[in-house]
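Quick caveat, the model's predicted, so the values are computed rather than measured.
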Protein chains: 2
Amino acid sequence: MFEPVRPVRAYERVVEQIESALRRGDLRAGERLPSERELMRQFQVSRSTVREALRVLESNGLLRSRQGDPQGAELLPLSPDTLRRPMDKLARSGEISFEDLLQFRILLDGAASYLAARLHDETQIAAIRSALERLHSTVGAGRTAWSEADVAFHDAIAQATGNPLLQICSAVVRSVATGMIESEIAEAGDSAGLMDRWVRQHSRLFELIDARDGVEAAAQARRDLLEEYGVHLPADRRQLLADWIGS
Amino acid sequence: MFEPVRPVRAYERVVEQIESALRRGDLRAGERLPSERELMRQFQVSRSTVREALRVLESNGLLRSRQGDPQGAELLPLSPDTLRRPMDKLARSGEISFEDLLQFRILLDGAASYLAARLHDETQIAAIRSALERLHSTVGAGRTAWSEADVAFHDAIAQATGNPLLQICSAVVRSVATGMIESEIAEAGDSAGLMDRWVRQHSRLFELIDARDGVEAAAQARRDLLEEYGVHLPADRRQLLADWIGS
DNA sequence: ATGCATTTGTTCGTATGTATC
DNA sequence: AGATACATACGAACAAATGCA
């Protein structure tokens with residue numbers, strides 16, 4: 001009959017009011033918040049309380065404040081990118097193994113390839129194509145440049161699905177997974193051969209997406225991932241994933 | 001050659017240190033942080049700075065602090081809530097559509113059903129079975145009880161995949177998606193018939209998982225989701241998802 | 001049940017570095 | 001270059017809550 005009550009702290013009410021003003025549209029992205037001193041007058045709280053509220057809002061990606069800025073804190077657009085940080089923390093939390101990540105990535109990239117093949121429009125396929133060409137041109141141009149181009153290629157595919165959730169999760173899982181094996185890769189001597197194989201596989205994937213063959217695109221993406229990263233797994237776990245994607 | 005620098009605020013460095021101690025395992029869930037005064041001694045910063053750091057960590061779900069608690073702030077286990085809160089906000093603001101969520105959920109639950117079918121052990125299949133039985137018994141026992149039993153059923157399946165990332169993402173997406181249509185469902189009159197159909201579908205899914213038929217289990221899970229929730233989508237979007245899972 | 005020491009919640013005043021005009 | 005308003009950070013103080021003797 002009665003609800004449990006939780007002590008509500010002053011800074012929380014400040015956060016609430018600003019958040020709801022943002023939701024209602026009273027405040028919009030790009031606009032500026034009043035200065036901290038003005039906020040303490042309006043909310044009738046101390047400076048510290050205002051600052052705690054601003055810190056929380058800032059860490060949640062809703063605004064950005066700079067020292068000395070006479071215009072006050074800037075309200076940021078609410079974007080799916082706010083999911084990136086918590087997702088990243090989750091994936092790096094240590095309870096997630098490399099196998100978990102690889103499994104999840106195979107799942108996501110397979111689906112992304114399918115959806116991209118089925119749904120892409122001219123702009124999106126052009127973006128994928130140009131990312132692929134950049135990937136081509138960076139073979140042998142150093143690890144970081146090549147790695148960036150690879151990220152851009154997969155991002156372009158994820159973009160073409162039109163699903164922001166898929167896009168974010170895919171990007172996070174990819175970055176965490178590659179980060180986990182980065183050290184090994186750096187030591188792998190014959191990186192030119194590796195890159196060459198990667199580019200061939202990606203070209204094939206692009207053709208399938210371009211041809212709108214979703215089923216084959218998904219299969220190709222999954223096979224490539226397992227082939228490239230499966231070597232980091234024990235044999236039995238690799239076999240399990242192979243069975244999975246073969247079905 | 002040089003990297004751009006960003007002013008790093010004192011509280012951020014405090015947050016970083018506590019977060020990394022948590023990642024490394026130097027601090028674990030359930031343990032207590034030193035008091036604020038002790039923290040200001042260790043970090044050599046003022047109390048305000050310590051407090052801003054604690055507020056940020058608290059809003060990210062990593063700890064909880066109560067006024068007057070002599071034991072200090074309590075470190076919390078990482079929970080799906082850290083993802084659910086921001087995703088919930090995005091869904092409510094319209095940045096993520098219901099279709100995005102449904103698509104993602106079909107993706108996750110399909111894969112979870114496949115993996116659960118292939119990988120489950122005795123304990124896990126028993127957990128799924130008992131969750132199903134509880135679901136049976138709660139038909140007509142009120143919405144909240146039934147809803148909880150449904151969550152438990154899907155969680156048990158996700159658990160059986162052995163992939164914590166899949167488990168958490170699945171739980172989050174499920175919770176946000178059902179939250180979005182909760183209001184509509186509450187108004188749907190004939191809930192007994194709905195529940196009955198749900199239970200039949202879930203029973204079939206359980207049988208397929210129990211029989212280790214991963215391919216059919218995945219197909220069943222996807223079909224059921226689309227059938228139940230597809231009504232909330234426009235016809236053309238529903239057709240797209242139908243094509244997808246039919247492939 | 002009462003009081004006490006400790007801790008967090010909140011406020012205020014001050015000094016300092018910074019951005020903008 | 002100087003003035004102004006701003007955010008950053010510190011430290012002291014008081015109120016309220018907690019746990020324990």
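- Between Arg85(B) and Asp88(B), no side-chain nitrogen of the basic residue sits less than 4.0 Å from a carboxylate oxygen of the acidic one, so the salt-bridge criterion is not met.
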Canonical and wobble pairing (Watson-Crick, G-U, under 3.5 Å) of DNA chain D, dot-bracket with |: .||||||||||||||||||||
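- Pairs of residues two or more places apart, or lying in two chains, never qualify as ring-ring contact (aromatic ring centres under 6.0 Å, His included) while including a residue from residues 5-29 of chain A.
- A donor-acceptor contact closer than 3.5 angstrom is absent between the side chains of Ser147(B) and Asp150(B).
- The residues Arg55(A) and Glu58(A) are annotated as salt-bridged, a charged nitrogen and a carboxylate oxygen being separated by less than 4.0 angstrom.
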Could you pull out all donor-acceptor pairs under 3.5 Å where a side-chain atom in residues 155-162 of chain B meets a protein atom, sequence neighbours excluded?
residue, atom, partner, partner atom, Å
Gln159(B), OE1, Gln167(B), NE2, 3.2
Thr161(B), OG1, Ala158(B), O, 2.6
Thr161(B), OG1, Asn163(B), N, 3.2

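- A centroid separation of less than 6.0 Å is found between the aromatic rings of His154(B) and His202(B).
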Sugar-phosphate or base contact per nucleotide [nucleotides 9-19 of chain C; S, B, -; heavy atom under 4.0 Å]: BBBB----BBB
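- On the nucleic acid side, DNA chain D contacts chain B at distances under 4.0 Å to non-hydrogen atoms, with the end points of that region at dT8(D) to dG19(D).
- Taking every heavy atom of both residues into account, Ala10(B) and Thr49(B) meet most closely at CB-CG2, 3.6 Å.
- Among residues two or more places apart in sequence or in another chain, the side-chain contact (heavy atoms from CB on, under 4.5 Å) test is passed with Arg24(A) by Ser20(A), Ala21(A), Asp26(A).
- Arg134(A) and Thr138(A) form no side-chain donor-acceptor contact under 3.5 Å, judged by distance and modelled atom types alone.
- Side chains of Thr82(A) and Asn60(A): no donor on one and acceptor on the other come within 3.5 Å.
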